[in-house]
Visitor: 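Let me give you the structure first, and then I'll get to my questions.
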Amino acid sequence: MKENAVMEKLKEFFRSSPDLQLRAFSSIFIVLAVIGGIVLGGHVWSAIVILIAMLSLWEFYKLQSAKLSTSPALIMVSGLFILLGTAFGLMSIATILCSISAIAFIALFLEVLKRQVSGESNALVTMGATVAGIAYVVLPWSFMILIRSRELGAMFLITLFFCTWSCDVAAYFVGSHLGRNLLCSQVSPHKTWEGFLGGAAASFMCGGLLALLFSFPPMPLLLMGLLCGIAGQLGDLGESVLKREAGVKDTGSIIPGHGGLLDRFDSILVNGTLAFVIFELVG
């Protein structure tokens, strides 16, 4: 009887929240696609990463275009160059850094030609916009390609995504039901300290649980869980600032119930970078 009562309450909750139901179905598809790609690895994972990264980069460019007048060509070509080079094993960290420097100079030299021909240039904006897109979107996803290519990389990526997702879910439900104290009202008026702490705790526990399931020393995964629970939520706030400055509610509409890919993977961008640091430096 108790089980039936719980099921009825869940059904009533979802019926009263059609948007949440849509988000749930979209989330299931995303989880299956991402975890399936991680497990299969190789070119399958690289293809999924490149697709997500390039669409996210386009969304980031659209946010920039609300404030800046830049061409998407160099941003998109540069991002694809680094992602493909990483996917085919042609890019090390040193090579990626050299590529970013070269791309910045290419942007500058193109503006030199533009000013010579038209008498106008936009070098400061173009260089900044190009490098910002690569640093914010392309590098984190490139790191996740590199992580998967390493020994134990699949385990670290699975931990990264599950810790981030558990944080998102816990922060939403704790904040919705127990939230009283606003976290950052000028950026995201619905986020609370209660939700923040609930999300961080859920991510930390998820890291510990996965360490048990993988029979792996707990410290690296617990550390990843704690960092994902804190930094991921800061990454979410950071993306909220970008949207507020651009004057948009969502970065896109490609994912039903979620908005754009940046809306769905904003926390992953920060956490992917942290996971790479933990994986490479802590081991």
Visitor: If you look at every heavy atom in Met91 and Ser99, which pair is closest and at what distance?
Guide: CE-OG, 3.4 Å
Visitor: Given Leu274 and Met224, is the side-chain contact (heavy atoms from CB on, under 4.5 Å) satisfied, shown in steps?
Guide: CA-CA 8 Å; Leu274 286 174; Met224 184 183 296; over 6 Å; no
Visitor: Tyr136 vs Phe60 aromatic rings, parallel, tilted or perpendicular, using cut-offs 30° and 60°?
Guide: tilted
Visitor: Test your reading of the model: is there a side-chain donor-acceptor pair from Ser65 to the backbone of Lys62, 3.5 Å cut-off?
Guide: yes
Visitor: For residues Met76 and Trp58, determine if any side-chain heavy atom of one lies less than 4.5 Å from a side-chain heavy atom of the other.
Guide: yes
Visitor: Indicate, with yes or no, if Val34 and Phe29 share a hydrophobic cluster defined by side-chain heavy-atom contacts under 4.5 Å among Ile, Leu, Val, Met, Phe, Trp and Tyr.
Guide: no
Visitor: Could you check if a side-chain atom of Val270 sits within less than 4.5 angstrom of a side-chain atom of Pro140, using non-hydrogen atoms only?
Guide: no
Visitor: Between Asp263 and Thr251, is any side-chain donor less than 3.5 angstrom from a side-chain acceptor?
Guide: yes
Visitor: For the atom pair CG (Leu182) and CD (Glu194), what is the distance rounded to the nearest 0.5 Å?
Guide: 9.0 Å
Visitor: Any sub-3.5 Å donor-acceptor pair from Ser240's side-chain atoms to Asp236's backbone N or O?
Guide: yes
Visitor: Would you say Phe109 and Phe81 are hydrophobically clustered, going by side-chain heavy atoms of ILVMFWY under 4.5 Å?
Guide: no
Visitor: Is a side-chain N or O of Asn271 found less than 3.5 angstrom from the main chain of Gly232, in a donor-acceptor match?
Guide: yes
Visitor: Quick check: closest heavy atoms across Ser188 and Arg244, and the distance to 0.1 Å?
Guide: N-NE, 4.4 Å
Visitor: Could you go through the side-chain contact (heavy atoms from CB on, under 4.5 Å) check for Ile106 and Thr130 one step at a time?
Guide: CA-CA 10 Å; Ile106 290 172; Thr130 303; over 6 Å; no
Visitor: Output yes when a side-chain donor or acceptor of Tyr61 lies under 3.5 Å from a complementary backbone atom of Thr70, and no otherwise.
Guide: yes
Visitor: Assigning hydrophobic clusters by single linkage (Ile, Leu, Val, Met, Phe, Trp, Tyr; side-chain heavy-atom cutoff under 4.5 Å), is Leu110 placed with Met127?
Guide: no
Visitor: Picking from Phe162, Phe216, Phe156, what satisfies side chain to side chain contact (heavy atoms under 4.5 Å, CB included) with Leu210?
Guide: Phe162
Visitor: Determine yes or no for a side-chain-to-main-chain donor-acceptor pair under 3.5 angstrom, with Ser166 supplying the side chain and Cys163 the backbone.
Guide: yes
Visitor: Is there a donor-acceptor pair closer than 3.5 Å between any side-chain N or O of Gln233 and the backbone N or O of Gly229?
Guide: yes
Visitor: Enter the distance from Arg115:CZ to Asn122:CG here, rounded to the nearest 0.5 Å.
Guide: 10.0 Å
Visitor: Is there a path of hydrophobic side-chain contacts, each under 4.5 Å between heavy atoms of I, L, V, M, F, W or Y residues, that connects Leu51 with Ile134?
Guide: yes
Visitor: Could you check whether atom CG of Leu124 has more than 12 heavy atoms from other residues, nucleotides or ligands sitting under 6.0 Å from it?
Guide: no
Visitor: Ile30 and Phe265: side-chain contact (heavy atoms from CB on, under 4.5 Å), yes or no, with the steps?
Guide: CA-CA 10 Å; Ile30 292 170; Phe265 291 102; 3.8 Å; yes
Visitor: Flag yes if Val137 and Leu74 sit in one hydrophobic cluster, no otherwise; membership is Ile, Leu, Val, Met, Phe, Trp, Tyr, and two members link when side-chain heavy atoms are under 4.5 Å apart.
Guide: no
Visitor: Taking 4.0 angstrom as the limit, do Glu239 and Lys243 come out as a salt bridge?
Guide: yes
Visitor: What pair of heavy atoms forms the shortest contact from Ala123 to Leu108, and how long is it?
Guide: CB-CD1, 4.0 Å
Visitor: What's the shortest heavy-atom distance between Val44 and Gly37, and which atoms?
Guide: CG1-CA, 4.3 Å
Visitor: Looking at Trp45 and Met144, would you say the former's side chain and the latter's main chain have a donor-acceptor pair under 3.5 Å?
Guide: yes
Visitor: Side-chain contact test, heavy atoms from C-beta onward, threshold under 4.5 Å: evaluate it for Leu242 versus Asp266 and give yes or no.
Guide: no
Visitor: Under 3.5 Å, is there a donor-acceptor pair between the side chain of Ser203 and the main chain of Ala200?
Guide: no
Visitor: What are the two closest non-hydrogen atoms of Ile103 and Ser78, and how far apart are they?
Guide: CG2-OG, 3.3 Å
Visitor: Hey, what do you get for OH (Tyr172) to SG (Cys167), rounding to the nearest 0.5 Å?
Guide: 15.0 Å
Visitor: Show your working on side-chain contact (heavy atoms from CB on, under 4.5 Å) between Leu197 and Val174 and close with a plain yes or no.
Guide: CA-CA 9 Å; Leu197 294 174; Val174 172; over 6 Å; no
Visitor: With Leu55 as reference, evaluate Ile254, Leu262, Ile50 under the side chain to side chain contact (heavy atoms under 4.5 Å, CB included) test and give the passing residue.
Guide: Ile254
Visitor: State the CD1-CG distance between Ile35 and Leu40, to the nearest 0.5 angstrom.
Guide: 11.5 Å
Visitor: Considering non-hydrogen atoms only, spot the tightest contact between Ala33 and Ile48 and give its length.
Guide: O-CD1, 3.4 Å
